[in-house]
Asker: 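Sharing a structure, written as structure tokens. Questions coming.
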Amino acid sequence: MRTPIIAGNWKLNKSPKETQEFVDAIAGKLPAASKVETVIAAPAVDLPALVAFAKNSELKTAAENCYFEDEGAFTGETSPKVLSEMGVDYVVIGHSERRGYFHETDEDINKKAKAIFRNNMTPIICCGETLEQREAGEAEGWIAGQIKAALDGLSAEQVASLVIAYEPIWAIGTGKTATADQAEEMCAHIRKTVASLYNEATAANVRIQYGGSVKPANVKEIMSKEDIDGGLIGGAALVPESFLELANYQD
Ligand code: 13P
């Protein structure tokens with residue numbers, strides 16, 4: 001039985017002060033973690049305020065990126081060892097914005113996944129195709145390639161515990177949501193890919209999120225699909241009331 005996972009990705013938004021205002025607004029209003037797991041991925045500077053709140057609430061926390069080395073001469077990077085020590089639960093890796101703007105490669109993402117597990121946290125691994133790839137009928141092959149590369153060398157047990165976020169690039173921040181059927185089709189394809197790389201039990205356990213213009217108005221339909229276990233949400237997760245509606249979509 002896969003627990004649904006609703007995660008906000010704040011991207012480069014909010015200060016520590018705004019983070020405190022956000023958590024004050026959602027305090028006591030999140031669903032039980034056994035029913036729906038709720039996560040906020042925030043900029044590194046906002047994580048202390050988020051982690052402090054998470055200690056006494058149902059919220060889990062995520063970094064939006066980390067490096068694959070724990071320490072050393074890597075100016076400007078964030079250590080997975082330090083994130084773990086701070087009490088962060090998840091790290092988002094391979095977001096299309098990081099792949100696109102910061103040239104993160106499949107190999108980097110694989111190294112980061114291993115570093116995150118080495119430090120006892122859980123990766124949320126993003127994948128997604130461009131509109132051109134979809135229109136050329138290349139989306140399935142592209143996504144399978146991203147998944148295979150990201151998971152390379154991970155154990156079945158690790159893969160069963162992690163989260164994959166399918167985020168078609170053409171649906172991110174565009175207001176153009178994939179239809180629930182399109183999202184389901186690709187999430188089912190990702191689960192099949194995991195089954196072919198590992199086994200059916202691993203594929204049955206891995207949680208797969210859809211991301212791309214998810215909002216309170218469409219979350220229920222998206223979450224009703226068999227292979228969609230959650231959402232990774234940008235814009236609609238920035239406002240407390242909207243995040244709470246998403247988190248409490250079952251009510
Ligand atoms: P939007 O929900 O703003 O489309 O962003 C999706 C996303 O990139 C989440 O990681």
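All residue numbers refer to positions in the sequence shown, counting from 1. Indexing begins at 1, ligand by ligand and atom by atom, following the structure's order. None of the values given here were measured: they were computed from a predicted structure.
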Asker: Which atoms of ligand 1 are found less than 4.0 Å from any heavy atom of Ala171?
Answerer: 4 (O)

Asker: Which pair of non-hydrogen atoms, one from Cys187 and one from Ile228, has the smallest distance, and what is that distance?
Answerer: SG-CG1, 3.9 Å

Asker: Would you check whether Lys11 reaches within less than 4.0 Å of ligand 1, judged by its heavy atoms?
Answerer: yes

Asker: So which of Glu64, Glu104, Glu167 actually passes side-chain hydrogen bond (donor to acceptor under 3.5 Å, both in side chains) with His95?
Answerer: Glu167

Asker: Could you report the tightest heavy-atom contact between Leu162 and Pro123, atom names first, then the distance?
Answerer: CB-O, 3.7 Å

Asker: I want to know if ligand 1 touches Gly173 in the polar sense, i.e. an N/O pair below 3.5 angstrom.
Answerer: yes

Asker: Ignoring hydrogens and angles, state whether a donor on the side chain of Glu221 or Ser224 is under 3.5 Å from an acceptor on the partner side chain.
Answerer: no

Asker: Is there a heavy atom in Ser213 that sits closer than 4.0 Å to ligand 1?
Answerer: yes

Asker: Ala236 to ligand 1: N or O pair under 3.5 Å?
Answerer: no

Asker: For Glu167, counting its heavy atoms only, list the atoms of ligand 1 lying under 4.0 Å from any of them.
Answerer: 6 (C), 7 (C), 8 (O), 9 (C), 10 (O)

Asker: Counting N and O atoms only, with roles assigned by atom type, does the side chain of Arg191 sit under 3.5 Å from a partner on the main chain of Ala203, one being a donor and the other an acceptor?
Answerer: yes

Asker: Polar contacts were defined as any N/O atom of the residue lying under 3.5 Å from an N/O atom of the ligand; does this apply to Glu97 and ligand 1?
Answerer: no

Asker: When you measure from atom 2 (O) of ligand 1 to every protein heavy atom, which one gives the shortest distance, and what is it?
Answerer: Gly234 N, 2.9 Å

Asker: Is it true that a side-chain atom of Asp89 and a backbone atom of Thr61 form a donor plus acceptor pair closer than 3.5 Å?
Answerer: yes

Asker: With a 4.0 Å cut-off on heavy atoms, is Ala237 touching ligand 1?
Answerer: no

Asker: Below 4.0 angstrom from a heavy atom of Leu232, which ligand 1 atoms are there? Numbered from 1 as shown, please.
Answerer: 9 (C), 10 (O)

Asker: Looking only at non-hydrogen atoms, find the nearest pair between Val92 and Cys126 and report the distance.
Answerer: CG1-SG, 3.7 Å

Asker: Fit a plane to each ring of Trp10 and Phe22, take the angle between them on a 0 to 90° scale, and name the class: parallel (under 30°), tilted (30 to 60°) or perpendicular (over 60°).
Answerer: perpendicular

Asker: For Gly235, take its heavy atoms, then give the atoms of ligand 1 lying under 4.0 Å from any of them.
Answerer: 1 (P), 2 (O), 3 (O)

Asker: Under 4.0 Å from any heavy atom of Gly212, which atoms of ligand 1 are there?
Answerer: 4 (O), 6 (C)

